[in-house]
Amino acid sequence: MSRTRIVIVGAGFAGYRAARTLSRVARDRAEVVLLNPTDYFLYLPLLPQVASGVLEPRRVTVSLSGTLPRVRHVLGEAEGLDLEGRTVRYRDPEGTEGTLSYDRLVLAVGSVNKLLPVPGVTEHAHGFRGMPEALYLRDHVIRQTELAANDKDPARCTFVVVGAGYTGTEVAAHGKLFTDSLLRRHPDLEARWMLLDIAPRVLPELDERLSKTSHKVLRQRGVDVRTGTSVKEATAEGVYLDDGEFIDTRTLIWCVGVRPDPLVEATGRPLERGRLLVDPFLQVPGHPEVFACGDAAAVPDLANPGSYTPMTAQHAWRQGATAGRNVAASLGLGARKPYKHHDLGFTVDLGGVKAAANPLGLPLAGPPAAAVTRGYHLAAMPGNRIRVAADWLLDAVLPRQAVQLGLVRSWSVPLDTASPELARLPAPPREAPDDAAD
Ligand SMILES: Cc1cc2nc3c(=O)[nH]c(=O)nc-3n(C[C@H](O)[C@H](O)[C@H](O)COP(=O)(O)OP(=O)(O)OC[C@H]3O[C@@H](n4cnc5c(N)ncnc54)[C@H](O)[C@@H]3O)c2cc1C
């Protein structure tokens with residue numbers, strides 16, 4: 001007799017947690033299969049620290065096989081779903097197609113870069129949504145400062161970040177510290193970081209006190225924060241702002257937000273602003289065997305009736321646990337429960353001993369906020385805690401290692417990762433300029 005099979009698509013905050021929960025509560029009843037393009041869970045909130053050389057890249061990755069020994073991991077990317085036939089079609093990293101049949105499906109594919117119809121942005125900007133982008137940015141920033149040391153071109157030392165949500169704010173805050181340290185031996189050069197947002201304040205989606213604290217730190221650090229401002233056009237030489245100003249730059253980092261992974265559209269089920277609509281038990285109406293959670297799902301927010309839970313790691317992680325328990329309940333193991341969670345606060349790491357945090361609504365700034373923020377990340381990470389703490393310690397006492405590894409090229413981190421034609425990256429055209437020349 002074949003065992004019940006639970007397929008989880010996506011091993012981010014929601015999918016990883018669902019797999020971990022199921023491997024504990026349903027291991028004797030079902031085979032748990034986790035489909036993900038990488039062999040690791042990526043702890044996204046610490047990615048700005050990878051891009052700025054504080055943390056080594058592997059620190060923010062947690063091995064799936066090492067931490068989920070009772071889960072079968074399938075390396076690949078889902079390309080199609082057949083809800084009636086109960087199958088997931090996927091492609092492995094070598095291009096081979098495969099099909100997984102399921103009795104229960106958990107969709108936890110997260111989100112992709114949000115694009116806006118601004119001329120030139122798709123061609124000239126890079127997003128910040130995964131490891132390749134963080135590695136690209138780290139190399140690119142080092143390269144620009146090294147080239148500027150010779151040609152003295154101020155455009156190379158000008159870095160424009162669009163979007164002052166937590167990603168853009170942390171990238172700009174850490175980035176400025178990084179370039180200040182890179183340029184220490186070149187007193188004639190100065191790094192200029194700009195952080196733009198159309199909203200009237202930084203961190204517009206968070207508590208106003210977090211915004212004020214973060215804005216103050218950015219200003220003191222010398223980041224040029226422009227609220228109520230956006231980009232009108234991007235070119236190879238720089239960007240035009242909507243007020244007509246031209247900024248000469250070689251670096252445009254696009255952090256305007258995310259949109260749900262387009263795979264959820266393939267279900268053909270109702271969406272709410274691109275997210276797959278589920279009921280409070282995280283089940284897709286009409287398909288009780290299909291569950292969805294995290295950024296890809298529109299989950300009714302029972303703590304704020306009438307709205308959906310925001311796209312945060314905090315919700316995705318907890319929804320993963322609820323999805324896991326409710327899948328088990330659907331197999332007769334325990335009782336299903338609706339998802340309900342009150343926000344516990346937010347933390348924004350601004351680098352050095354600066355941070356902004358409001359644990360349980362208590363506003364904190366400076367070193368106490370930094371201690372809470374880093375303590376929170378250590379507690380929240382499902383692995384690598386000692387390694388992360390060791391990197392923080394080393395960063396506090398040693399200069400940062402500023403070398404380019406050149407592993408990720410500009411063409412391999414397109415902003416529009418969701419386009420079908422870009423999903424499987426082409427080899428670069430032979431005449432394509434090398435990054436060193438871009
Ligand atoms: C740089 C950055 C910093 C952030 N900082 C914070 C923060 O400080 N606090 C906070 O609360 N939130 C933060 N967030 C947001 C938070 O990380 C997301 O809300 C959270 O990751 C959502 O979890 P998820 O499981 O839905 O998606 P993800 O964690 O993105 O995981 C999705 C997984 O699905 C996989 N996948 C995608 N498509 C497919 C496919 N077709 N087939 C198979 N697998 C697929 C992906 O590879 C990935 O492993 C940050 C986000 C970023 C990008």
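Heavy-atom basis, side chains included; hydrogens, waters and symmetry copies ignored. Counting starts at 1 for both ligands and their atoms, following the listed order. In this chain, numbering begins with 1 at the start of the sequence shown.
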Are any of the N/O atoms in D295 less than 3.5 Å from those in ligand 1? yes
Check whether any heavy atom of F346 sits under 4.0 Å from an atom of ligand 1. yes
Would you check if there is a donor-acceptor pair between the side chains of R201 and S211 at a distance under 3.5 Å? yes
For the residue pair Q319 / T309, report whether a side-chain donor-acceptor contact shorter than 3.5 Å exists. yes
Have a look at G10, A108, A78 and point out the one with the heavy atom closest to atom 40 (C) of ligand 1. A78
What class does the angle between the rings of F13 and W317 fall in, given that below 30° is parallel, 30 to 60° is tilted and above 60° is perpendicular? perpendicular
Purely on distance, is any nitrogen or oxygen of E170 under 3.5 Å from one on ligand 1? no
Which is closest to atom 7 (C) of ligand 1 in terms of heavy atoms, A11, C293, P45, G168? P45
Can you confirm whether the side chains of D301 and H315 place a donor and an acceptor under 3.5 Å from each other? no
Does any N or O atom in L263 lie less than 3.5 angstrom from one in ligand 1, N or O only? no
Please check whether A14 reaches ligand 1 - meaning an N/O of the residue sits under 3.5 Å from an N/O of the ligand, judged on distance alone. yes
Using a 4.0 Å heavy-atom cut-off, which part of Y166 comes near ligand 1: side chain, backbone, both, or neither? side chain
Nearest neighbour of atom 32 (C) of ligand 1 from the list D349, V109, T347, on a heavy-atom basis: V109
Electrostatic pair E31:R3 at N-O distance under 4.0 angstrom: no
Side chains of R20 and T67: do they bring a donor and an acceptor to under 3.5 Å? no
Count the heavy atoms belonging to other residues, nucleotides or ligands that lie under 6.0 Å from CD of Q220, then report whether that count exceeds 12. yes
Determine whether the side chain, the backbone, both or neither of L44 has a heavy atom under 4.0 Å from any heavy atom of ligand 1. both
Residue pair H341 / Q314, side-chain donor-acceptor N/O under 3.5 Å: yes
Option whose closest heavy atom lies nearest to atom 52 (C) of ligand 1, chosen from T169, V50, L42, T167: T167
Closest to atom 47 (O) of ligand 1 (judged by heavy-atom distance), picking from A316, P37, A51: P37
